[in-house]
Amino acid sequence: MHPPLTLHRHPMCAEIIEEFQKCHLEHPITKFFGECTELKIKLDRCFRQEKALKRKANFEQSKKLKERLHALRKETAENDS
């Protein structure tokens with residue numbers, strides 16, 4: 001199963017999404033027998049890479065936020081003393 005195939009949400013995989021959708025339109029019956037499987041595999045790989053990049057960016061952002069909070073707490077503790 002894959003996420004909704006909206007191009008604006010997956011710019012990194014847009015080309016593969018278009019090919020996959022085209023394959024499904026061109027092969028309405030044989031898609032059930034593996035006609036578009038190769039594209040599906042490419043799409044899954046692309047989604048995994050995209051998710052890994054997003055996860056890494058979110059982790060970096062959370063690290064920066066934790067550092068800011070730590071500095072703020074330290075500053076607040078110094079001001080209270």
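Position 1 is the first residue of the sequence, and the numbers go up from there. Values below: all heavy atoms of this structure, side chains included; hydrogens, waters and symmetry mates excluded. This is a predicted model, so every value here is computed, not measured.
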Go through L65 and R68 one step at a time and tell me if the side chain to side chain contact (heavy atoms under 4.5 Å, CB included) criterion holds.
CA-CA 5 Å; L65 180 62; R68 278 189 14 216; 4.2 Å; yes
For K31, look at atom NZ and say whether over 12 heavy atoms of other residues, nucleotides or ligands are found less than 6.0 Å away.
yes
Sequence neighbours excluded - side chain to side chain donor-acceptor pair (under 3.5 Å) pairs with any residue from residues 8-19
H10-E50
Between L39 and I16, which heavy-atom pair has the shortest distance, and what is it?
O-CG2, 4.0 Å
With E35 via side-chain hydrogen bond (donor to acceptor under 3.5 Å, both in side chains) - residues at least two apart:
none
Residue from R55, K56, K63 passing side-chain contact (heavy atoms from CB on, under 4.5 Å) with F59:
K63
State whether the number of non-hydrogen atoms from other residues, nucleotides or ligands found under 6.0 Å of E60 atom CD is greater than 12.
yes
Minimum heavy-atom separation for C36 and F20, please, with both atom names.
O-CE1, 3.9 Å
Side chain to side chain contact (heavy atoms under 4.5 Å, CB included) between L69 and K66, intermediate numbers included:
CA-CA 5 Å; L69 287 173; K66 284 180 184 179; 5.6 Å; no
Rounded distance [0.5 Å steps], NZ in K40 versus NE2 in H24
8.5 Å
Of all heavy-atom pairs between P28 and L25, which one has the smallest distance, and what is that distance?
CD-O, 3.8 Å
For the CD atom on E38, are there more than 12 heavy atoms of other groups (residues, nucleotides or ligands in this structure) within a distance under 6.0 Å?
no
